[in-house]
There are 2 protein chains.
Amino acid sequence: MPETTKDRIVDASAELFQLQGYAGTGMRQIVARASAPFGSIYHHFPGGKEELGAETIRVSGALYLQLLDLFLDPAPDVVTGVEEFFAGAAVTLRESDYAEGCPIATVALEVASTSEPLRAATAEVFDSWIDAAAARFADAGLDAATARALAIGTIAGLEGAFVLCRALRSTEPMEVAGAVAVAQLRAALG
Amino acid sequence: MPETTKDRIVDASAELFQLQGYAGTGMRQIVARASAPFGSIYHHFPGGKEELGAETIRVSGALYLQLLDLFLDPAPDVVTGVEEFFAGAAVTLRESDYAEGCPIATVALEVASTSEPLRAATAEVFDSWIDAAAARFADAGLDAATARALAIGTIAGLEGAFVLCRALRSTEPMEVAGAVAVAQLRAALG
DNA sequence: GTCTATACTTTGATAGAC
DNA sequence: GTCTATCAAAGTATAGAC
């Protein structure tokens, strides 16, 4: 299945939103990076920038969710899997010169009080991440409430570490947040 | 000392940046909220939006740093102080209808890869918070390295919780992050 | 249906009247 | 020195040629 023009537009949006945020990215810039004519963006997204933004948030969120399986499936246990997820985030930050962090967080903060449809899209994504992580922790033997709290704490630590790492241009916060998440998980597993 | 026009401009910028981000806030909107004529913004900030942004980041960061003293000075011990800081953040989120989170994080993510002067300003702010929190933890008896790691972990948890709370319109992540920070601190204090 | 050209608004920034 | 009027560029969105 070849990549369609619509796919290229969403991919370009995802990359630019991550680097510059939603408000800081223009429609012209998006089609230029997607090698698409300007009009096609409104052909595929009649709702304009907001519709494209919502679609981009959902696609980026689903892609990032797949990373969870990518790290946790081959891991010998859930603790090791979480440990390697944070280590992988640190590698990505360093290799991208601190450009690639969370694909959702920047837009989430920008739109939380400015666009209800976009805020709802970011909420759906975060909910899906929380549910997926909580399911993994429940599979490891934790009760539902503990699993959910651990999932939220782990994702909060990850998100906050992305903020600090990109601002400080250092992976130290990601290493600390990973250690905290692992310690909390170990303690809960007894 | 009466509030000057320059102060009002910085205050208005801080409020708008928190709600809409840096790119999403216009110079016209800032002077309108500050009840100042348009020209005065370039009189006080010849460097334009970037200079105003840097000043706003520094002032907002210093103000938020004062909150640390406000919560930790009257607390009977550092654990209780941290606990109440997170509880206060949850109250602020709820009372502001999830509009008031971290005054720096939105801009920090936006500018991390787009403006080196602004990124450096956000880094200075986060460094000052880390140093202040680490000093508090060291005063409580921890060695420097442990105190620093706890400070970074606590601030990362706080920042990530702000992201999740504003997106989900729930204070649950802040409550979880507060419990994690308190647990880590208690464990380190022995 | 794809794409170009353009409409209209708003942006950051400046010049110059007072 | 304070403020108004305006600039050139970039913003989103649309109309219509092909």
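The figures that follow rest on heavy atoms only: side chains count, while hydrogens, waters and symmetry mates do not. Chain naming here is simple, since letters A, B, ... match the order of the sequence lines and numbering starts at 1 in each. Remember, it's a predicted structure, so these values are computed and weren't measured experimentally.
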- Query: Is there a donor-acceptor contact under 3.5 Å from the side chain of B:S40 to the main chain of B:H43?
  - Reply: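 No, B:S40 side chain to B:H43 backbone: no donor-acceptor pair under 3.5 Å.
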- Task: Go through the structure and list residues passing side-chain hydrogen bond (donor to acceptor under 3.5 Å, both in side chains) with A:E172, not counting sequence neighbours.
- Result: B:R148
- Message: Could you work out, with side-chain hydrogen bond (donor to acceptor under 3.5 Å, both in side chains) as the rule, every residue matching B:S115, not counting sequence neighbours?
- Response: B:E50
- Query: Could you give all pairs that pass the salt bridge (Lys or Arg N to Asp or Glu O under 4.0 Å) test and reach residues 82-97 of chain B, with sequence neighbours left out?
  - Reply: B:D97-B:R169
- Pairs touching residues 109-125 of chain B that satisfy salt bridge (Lys or Arg N to Asp or Glu O under 4.0 Å), sequence neighbours left out: B:R58-B:E124, B:E116-B:R119
- Message: I'd like to check the salt bridge (charged side-chain N to carboxylate O under 4.0 Å, His left out) partners of A:D73; sequence neighbours left out, ordered by chain and number.
- Response: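 With sequence neighbours excluded, A:D73 shows a salt bridge (charged side-chain N to carboxylate O under 4.0 Å, His left out) to A:R136, given in chain and number order.
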- Sequence neighbours left out, what passes salt bridge (charged side-chain N to carboxylate O under 4.0 Å, His left out) with A:R33? Give chain and number order.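 Residues passing salt bridge (charged side-chain N to carboxylate O under 4.0 Å, His left out) with A:R33: A:E15.
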- Message: Counting only side-chain nitrogens and oxygens, does A:H43 get under 4.0 Å of the OP1 or OP2 atom of C:dC3?
- Response: no
Whole angstrom is fine here: how far is it from [atom1] in [X] over to [atom2] in [N]?
{"X": "A:K6", "N": "C:dT2", "atom1": "NZ", "atom2": "C1'", "answer": "16 Å"}
{"X": "A:I30", "N": "D:dG11", "atom1": "CD1", "atom2": "C1'", "answer": "12 Å"}
{"X": "A:H44", "N": "C:dC3", "atom1": "NE2", "atom2": "C1'", "answer": "11 Å"}

- Query: Please, which pairs that meet ring-ring contact (aromatic ring centres under 6.0 Å, His included) have at least one residue in residues 78-105 of chain B, sequence neighbours excluded?
  - Reply: B:F71-B:F85
- Pairs in or reaching into residues 4-37 of chain B: which pass ring-ring contact (aromatic ring centres under 6.0 Å, His included), with residues at least two apart or in two chains?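 The answer is B:F17-B:Y22.
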- Item | DNA chain D-proximal residues of residues 107-116 of chain B, any heavy atom under 4.0 Å |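 Listed by number, there are none.
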- Going 5' to 3' along nucleotides 5-18 of chain C, which nucleotides have protein heavy atoms under 4.0 Å from the base (write B), which only from the sugar-phosphate (write S), and which from neither (write -)? BBB---BBBB----
- Angle, rounded to 10°, between the helical axes spanning five pairs at each terminus of the helix from C:dG1-D:dC18 to C:dC18-D:dG1?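 Between the axes fitted at each end of the helix from C:dG1-D:dC18 to C:dC18-D:dG1 lies an angle of 10°.
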Review item, side-chain donor-acceptor pairs of residues 125-132 of chain B, under 3.5 Å, at least two apart:
| unit_1 | atom_1 | unit_2 | atom_2 | d |
| --- | --- | --- | --- | --- |
| B:S128 | OG | B:V125 | O | 2.6 |
| B:W129 | NE1 | B:G61 | O | 3.1 |

